[in-house]
Amino acid sequence: MTNVTMTVNGKAVSGDVEGRTLLSSFLREGLGLTGTHVGCDTSQCGACVVHVDGKPVKSCTVFALDVAGAAVKTIEGMANADGSLGVIQQAFQDHHGLQCGFCTPGMVMSAAALLADNPKPTESEVRHYLEGNICRCTGYHNIVKAVLAASGQDVAAVAAE
Amino acid sequence: MPKDGGIGASTVRREDIRFLTGKGRYTADINLRGQAYACFLRSEVAHGRINRIDTAEARAMPGVLAVMTGADFAAMGGNPAGWHIPSRNGEAMKEPKRPVLAHGKVRHVGDAYAVVVAETLEQARDAAGAVVADITELPAVVDMAQAVANPDLRVHDEIANNVCFDWGWIEDNRAAVDAAFKAAPHVTTLELVNNRLVPNAMEPRASIGDYDPGTGDYKLYTTSQNPHLSRLLIAAFVMGIPENKLTVIAPDVGGGFGSKIYHYGEEAAVLAASKALNRPVKWVADRSESFLSDAHGRDHVTRIELATDLEGNFLALRTETLANVGAYLSNFSTATPTFLHGTLMAGPYRTPLVYVNVKAVFTNTAPVDAYRGAGRPEATFSIERVVDKMCRELKLDPVAVRRKNLIQPDQYPYTTPVGLVYDTGNYPATLDKLIQIADFSGFEARRAESARRGKLRGLGLSTWIEACGIAPSNLVGVLGARVGLYDAATVRVNATGNISVMTGAHSHGQGHETVFAQIVSDKLGIPASSIEIVHGDTSKIPFGMGSYGSRSLAVGGSAMVKAVDKIIAKGKKIAAHMLEAAEDDIVFEDGKFSVTGTDKAKTFGEIAFSAYVPHNYPLESLEPGLEETAFYDPANFTYPAGAYACEVEVDAETGRVEIASFACADDFGNVMNPMIVNGQVHGGVAQGIGQALLEAAAYDDNGQLLTGSYMDYAMPRADDLPMFTVDHSCNTPCTHNPLGVKGCGEAGAIGSPPAVVNAVIDALHRGGHTRVTHIDMPLTPSRVWSAIQN
Amino acid sequence: MHNFDFVKPSSVADAVRALSAQGAQALSGGQTLLPTMKQRLAAPAVLVSLTGIADTKGVRLDKGALSVGGATAHAVVAKEARKHYPALADLAGGIGDPAVRSRGTIGGSLANNDPSACYPAAVLASGATILTDRRSIAADDFFQGMFTTALHDGEIITGVVFPIPEKAAYVKFNQPASRFALTGVFVAKYGSGVRVAVTGASANGVFRWTEAERALSASFTPAAIAGLSLPSDGMIADLHGSAAYRANLARVLTGRGVASAH
């Protein structure tokens, strides 16, 4: 076991991990932050996406020790300071961008990374950016709509919800 | 009731708050004090005889608490099939035992034969690597045609030709159908495959067994769509423990699509291990395990024939299908290719004569069971493809042909030649609506524009019907069902006036917590925020049958409405006493009980309080309290229907198909929350497009799953799909349930695959590739390219 | 996965030393290695992370060529190569998905030499030079068949130098599930001639289509290769496409690459 230290959602945290401990396991088992989900073992579903130093990362495909010292942000850190939903989260609720909720944390984290990089994406840019986040429930229609809405764009023209 | 909260409002979902903030509580998120971890050993061969399993080295590994094998469960019962389907000759269906863990033989890759329990997950996995299984590989039975033809190949030693049953529907009509074919001016024949799919709910299955040595009670947290049914199966059939000593909790569940209806052996294994170790035992599947061990869907090979006159009037239809059930019978695997498939072969049409033959076939593959749509997508695909092929053969317009064969609005109730009675509908209306919203008239201009970019554009259509809320119990009992198909709800008005609704339905993405509260709020005039929907815990909810088959609202919702009606009826009695009026003079409206024609009234809250603090109360004639339970057993199925259109662009040089647009005109009866209904259609259509273009569970000749991860199993991604156009304005309310609802969860997955395939064939024909009459799903680029080359 | 000791050196020299240990293996972005380890198909005793070495990261222009550090993430190349070598930026921006591109590195991709990876096509078509802790290797010598390269045990890719072409394009046809290249073609036009590299198609990994190179060097137009075809012998055949299909894709994508080269 090795001690690892990092910042998670603005708080310094540390814990003992093995070399093989994945960041997703450290977050879920070590810190109890179970909002980060694991939906596959081949790095494709994206349910586990978190931000590491501002960049989207599949937390099931990085060792906790490899991001020692980094600033990590998870779905638990996405609400406003007063606990209300952040802009992207609110847009997902308003536009029914989630059903079972399992892919949602990764989807929100990827959407946040997109909008940080590209504040006014086109529909096509949103779809391409989210290609590494698999949703089985929504057919993506309302997810794309929610991301466009979160970017402040008018989604009234988008086909019926 | 304000329109932003009651029936018909697009109320945003209350459950979203916890899902969006990482506070959902899925089974894998639950950690019990002192829990140990289970890792299952799974067969690497499709078929093999287990000679010996040496667990000694594994038992000695660090942290290992127990290693159990099939032998430890041999005395337990098997996981049963829920529906008996007799063969045409009257023989009973073949039901081999499906043990908790494989014993004697392994019968598919992924068949679990042992479980290691250790202090940590990694220790369990490390020790699993030290279990030595001596298994002699046997020839694998993979191809269904071979399975039924080769007497030397047997999945189960006692079942010759691997046939579970040979079902005819309706056998008495067979001769008349055959005669009609003999006399028909034209017969169109199509052989097709309905491709095997992996449901792939994003949350992998997980289970935690928790035995309490003090009380002898078992508790199971599990990823289930219907916890009460799982409890019944585990307690009464598999483990032989009293039902009241087992609680099953299905907390937040990350999608099901059918795959979590069933009881799986891992659930019994963690319960037994928990009892053996006196501590909780947790198992979470990784995705690779899910691919190998979740029940798969579809997998039919069908020959369909359509007899018509030369004007395209349908005269008769017959099909022969081989339906794969895999290595063991999963709980609803026998109902899916029969009563959810054969009975739907009339579709929305007036075809006078229909005969369906289905042989269910065992193979050395994962069990196959209901997956979103379950039988109805297979029926719809076969019908809509053969109709399209016939139109092309006779050079008839596919819209006009469908229109003239549709059941007309004045023909309801309509009895089909395959035994269903459609209560209501308006199929021409949804077809007309589709033609408008999909802008059929603008197609030629869009096609020309695609052509300028070197792409072949095509337009495909399907008109479809399904049957939801399978019922009634007394009829399905005659047909072989071994369970009832009612549902239940308890409405508990608390003393302070807020309400807990315990429903037998289970939400794993459908939004029941929001929609059910909308309905109760509308009926009782109580703000939705004062209504809590409780589901998923057998210790809290009445015995219900869970959620699948688009039944939650039509069956579970109806039970809830009946319970609400009982609450109102009792409230009137209390109000009559308090207001010193006759019960018949009490009216209930907008949350108030009032004496008709007067301003004398009591609020709902006052009545509730009086029921629990019965100081001024007719105790001699009425029990205190305000809590009612209702069971609802529907009189008939509901029959959602619709018309779907797909436009595709085909890149002939690469075979790549792009969905240019997709439009749906549906009739779901009354709609409780349009936003949620639209979302259900979107998701269903995405899965249907996935089946048509991307997804296939492919086994090689040795029974190895070639598509065992997302590296090879193509899931629809955001950039594979367009925005969808969805309409459900042409609704004809269901005539036999109190809400007039029909169900919407499966529609998209049922109507869409044939629309996509018809569109691709249309594009190829318009592009001059007229020899291509059919391509089997999924229409991958290489398959489409190969079809063009040939 | 099996457990291991994790080390994260901050210099190339320390990394080379660490890699000399018994059972040591290099870890770059890990986007391929971690899934492999989860399946217990790789079980290193020591894992040496290369992402802590600052001077193997970044993109810079050097004597008219584009130099990319071995531990540079795909996302960084997608952004920083855009101005100098847009086709390379396009390629990097199309690998995996955004989260994969945050972690995956050019050095890791080249060292693995997956037959369906994108980067080998750019490196081979550009006639790039692979720099390691001990030598430089020409692209034509580097790729030696599926999952095989000229690298020695413990040798680390520190950078790749790309000569910048007049025009180039990468056209990738996705394998529908994995989103790796079912076939991808990189076309690069230099003053000295045209190079065409095909990935995803051959069982031997990335290769140059010399016949097309000759035709395109004479005339850089889609018409110049319209009559050519690739033999399907040696092409990969799997459930995503036959050998003939891949050969066809290579031809079609080459033409499209020429048409879209910029």
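Letters A, B, ... mirror the listed sequences (proteins, then strands); counts begin at 1.
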Is Thr199(C) reaching over with its side chain to a backbone N or O of Pro115(C), donor-acceptor style, under 3.5 angstrom?
yes
Do any N or O atoms from the side chain of Asn113(C) and from the backbone of Ala111(C) form a donor-acceptor pair under 3.5 angstrom?
no
Among Asp700(B), Thr780(B), Asp720(B), Asp712(B), which residue forms the greatest number of heavy-atom pairs with chain C at distances under 4.5 Å?
Asp712(B)
Between chain C and each of Ser288(B), Pro781(B), Ala698(B), count heavy-atom pairs under 4.5 Å; write down the option with the most.
Pro781(B)
Interchain contact, [X] with chain C, by part (heavy-atom threshold 4.5 Å):
{"X": "Arg783(B)", "value": "neither"}
{"X": "Pro778(B)", "value": "neither"}
{"X": "Thr707(B)", "value": "side chain"}

Using a 4.5 angstrom heavy-atom cutoff, name the option from His2(C), Gln175(C), Arg179(C) with the most pairs to chain B.
Arg179(C)
Pick whichever of Met1(C), Arg251(C), Arg256(C) has the most heavy-atom pairs under 4.5 Å with chain B.
Arg256(C)
Is the count of non-hydrogen atoms from other residues, nucleotides or ligands lying under 6.0 Å from [X] atom [atom1] greater than 12?
{"X": "Gln144(C)", "atom1": "CD", "result": "yes"}
{"X": "Gln25(C)", "atom1": "CD", "result": "yes"}
{"X": "Arg771(B)", "atom1": "CZ", "result": "no"}

Just by distance, with hydrogens left out, do [X] and [Y] show a side-chain donor and acceptor under 3.5 Å apart?
{"X": "Tyr710(B)", "Y": "Arg287(B)", "value": "yes"}
{"X": "Thr365(B)", "Y": "Arg196(B)", "value": "yes"}
{"X": "Tyr699(B)", "Y": "Asn364(B)", "value": "no"}
{"X": "Asn195(B)", "Y": "Gln691(B)", "value": "yes"}
{"X": "His296(B)", "Y": "Asp294(B)", "value": "no"}
{"X": "Tyr245(C)", "Y": "Gln789(B)", "value": "no"}

So which residues of residues 206-218 of chain C are in contact with chain B at a heavy-atom cut-off of under 4.5 Å?
none
Using a 4.5 Å heavy-atom cutoff, which residues in residues 111-123 of chain B come close to chain C?
Glu122(B)
Expected contact set for residues 650-660 of chain B against chain C at heavy-atom separation under 4.5 Å reads Asp651(B), Glu653(B), Thr654(B), Arg656(B)
Taking the side chain as every heavy atom from C-beta outward, state whether [X] and [Y] have any atom pair closer than 4.5 Å.
{"X": "Ile689(B)", "Y": "Gln687(B)", "result": "no"}
{"X": "Leu27(C)", "Y": "Leu33(C)", "result": "yes"}
{"X": "Pro199(B)", "Y": "Arg372(B)", "result": "no"}

Let me see the working for Trp283(B) and Phe40(B) under ring pair (Phe, Tyr, Trp, His ring centres under 6.0 Å), right down to the final yes or no.
CA-CA 9 Å; Trp283(B) 167 72; Phe40(B) 287 87; 5.5 Å; yes
Counterpart residues, ring-ring contact (aromatic ring centres under 6.0 Å, His included), relative to His74(C) (two or more places apart):
Tyr119(C)
Side chain from CB out, backbone as N, CA, C, O: work out which of these in Arg246(C) comes under 4.5 Å of a heavy atom of chain B, or both, or neither.
neither
Decide, yes or no, whether a salt bridge links Asp286(B) with Arg205(B) under the criterion of side-chain N to carboxylate O below 4.0 Å.
no
